[in-house]
Number of protein chains: 2
Amino acid sequence: MGQEGVGVDLETSLGYLLKEASSALRAAMEQVLRPLGMSVTRYSCLELLAQRPGLSNSELARGAFVTRQSMNVLLHALEREGDVTRPVEAPVGKVLPTRLTPRGRRSLEKATVAVRSVEVRMLAGLTEAEQSGAFRILQSMIRSLRDGDGS
Amino acid sequence: MGQEGVGVDLETSLGYLLKEASSALRAAMEQVLRPLGMSVTRYSCLELLAQRPGLSNSELARGAFVTRQSMNVLLHALEREGDVTRPVEAPVGKVLPTRLTPRGRRSLEKATVAVRSVEVRMLAGLTEAEQSGAFRILQSMIRSLRDGDGS
DNA sequence: TGACCCATGTCAGGATTCTGACATAGATTG
DNA sequence: CAATCTATGTCAGAATCCTGACATGGGTCA
């Protein structure tokens with residue numbers, strides 16, 4: 001294996017470490033979600049809807065970090081399986097507010113405990129102060145990155 | 001806009017914040033890399049090779065967080081464009097060590113300054129202590145997540 | 001009121017990535 | 001030494017995602 005211990009600049013890059021952590025988190029989530037027949041994006045969508053009922057397709061897409069098109073096909077699948085409901089026509093404008101069904105709420109509950117366990121494991125070696133510190137630091141990074149993107 | 005300020009649990013989730021930061025970082029990198037005709041994965045591959053010459057296809061794939069197959073097609077493109085070289089046959093085993101050409105090194109330099117500026121911007125509002133704190137925290141998260149993955 | 005601009009939902013096409021599988025090389029273990 | 005295990009490179013197919021585009025609804029502002 002190429003595990004030479006040569007000190008490398010990538011190992012000191014916070015950006016690389018951020019991607020590494022995010023990748024590890026996603027892998028861990030996929031692992032615990034797979035036995036439940038659920039993907040990360042599907043879980044994210046359900047969780048979003050549980051906390052903010054009536055979200056639109058576009059809002060769900062932004063919240064789950066996918067495109068509107070991808071979220072659209074997912075919503076159709078969720079609707080077909082009876083996890084969510086959408087009005088046949090928009091009550092106002094073109095926005096179709098989506099809501100969880102009792103069935104969707106149940107499948108979400110099982111997934112939530114699985115994901116919660118992953119998050120607990122991730123925060124295992126961290127003190128309370130470190131967790132709130134990480135919180136502020138990540139928020140600062142996000143704000144700084146979004147500032148200069150010409151939006 | 002659905003920007004209701006309703007306090008939501010997702011906003012308090014470190015996992016969600018992690019994904020948000022990683023997504024913002026990737027978007028910022030794509031934005032500064034696009035004018036140079038370079039993608040994030042391509043930059044990652046070149047940067048990896050600059051710091052660890054002779055890396056194999058599989059090692060590059062792991063380092064850039066893609067599959068071996070994706071890295072393989074990227075390497076073929078990089079070789080065709082003259083940014084990297086690979087021996088026609090493996091000197092030992094099946095591993096084909098990859099190396100940067102002078103041309104590849106030049107295109108990497110331009111990309112590096114662009115990416116460096118993004119990282120600087122990301123760390124703008126953070127003190128030195130906060131940066132090293134983030135470093136330790138992220139490493140702890142990665143370690144904790146990798147521990148219980150049945151590898 | 002009408003023109004303009006932004007956001008939404010949706011469609012089609014293409015590009016990218018992943019999943020699954022195979023044969024082979026090297027290390028490991030008995 | 002032989003068998004097993006792990007890792008590599010590669011192939012083919014499928015699934016996923018994105019880019020580009022369109023028509024429509026709503027808000028803004030003259």
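All values below were derived from every heavy atom in this structure, side-chain atoms included, with hydrogens, water molecules and symmetry-related copies excluded.
- A heavy-atom distance below 4.5 Å is not found between the side chains of A/Leu33 and A/Arg42.
- Contact annotation: A/Arg62 side-chain N/O to C/dA7 OP1/OP2 distance is not under 4.0 Å.
- Distance, A/Leu55 CG to C/dG9 P: 10 Å, rounded to whole Å.
- In this structure a side-chain-to-backbone donor-acceptor pair under 3.5 Å is missing from B/Tyr16 to A/Ser44.
- In terms of phosphate contacts, B/Asn72 brings a side-chain nitrogen or oxygen within less than 4.0 Å of OP1 or OP2 of D/dT10.
- Side-chain N or O atoms of A/Thr101 include one that pairs as donor or acceptor with a backbone N or O of A/Gly82 at under 3.5 Å.
- No side-chain heavy atom of A/Leu25 sits under 4.5 Å from any side-chain heavy atom of B/Lys19.
- Atom P of nucleotide C/dT17 and atom CG of B/Asn57 are separated by 13 Å, given to the nearest angstrom.
- The CE atom of A/Met71 sits 13 Å away from the P atom of C/dT8 (whole-angstrom rounding).
- Atom pair B/Leu60:CG and D/dT10:P shows a separation of 13 Å (rounding to whole Å applied).
- Within the model, atoms CG of A/Leu18 and CE of B/Met122 stand 6.0 Å from one another, a figure rounded to the nearest 0.5 Å.
- The pair B/Glu30-B/Arg26 meets the salt-bridge criterion, with a side-chain N (NZ, NE, NH1 or NH2) lying under 4.0 Å from an Asp/Glu carboxylate O.
- Heavy-atom nearest nucleotides on DNA chain C were determined for A/Glu30 and for A/Ser56, and the one closer to the 5' end corresponds to A/Ser56.
- For the pair B/Glu59 CD and D/dT8 C1', the interatomic distance rounds to 10 Å; values are reported in whole Å.
- Among pairs with a residue in residues 103-114 of chain A, those fulfilling side chain to side chain donor-acceptor pair (under 3.5 Å) read A/Glu47-A/Thr112, A/Asp83-A/Arg103, at least two apart in sequence or across chains.
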Pick out the pairs of N or O atoms, protein on one side and nucleotides 16-19 of chain D on the other, that lie under 3.5 Å.
residue : atom : partner : partner atom : Å
D/dC18  : OP2  : A/Thr67 : N            : 3.2
D/dC18  : OP2  : A/Thr67 : OG1          : 2.8
D/dC18  : OP2  : A/Ser70 : OG           : 3.4
D/dT19  : O4   : A/Gln69 : NE2          : 3.2

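- As rounded to whole Å, 14 Å separates atom P of D/dT10 from atom CG of B/Leu74.
- The interatomic distance linking B/Leu75 (CG) with C/dT17 (P) rounds to 12 Å, in whole Å.
- The distance between atom CZ of A/Arg86 and atom P of C/dG9, rounded to the nearest whole Å, is 8 Å.
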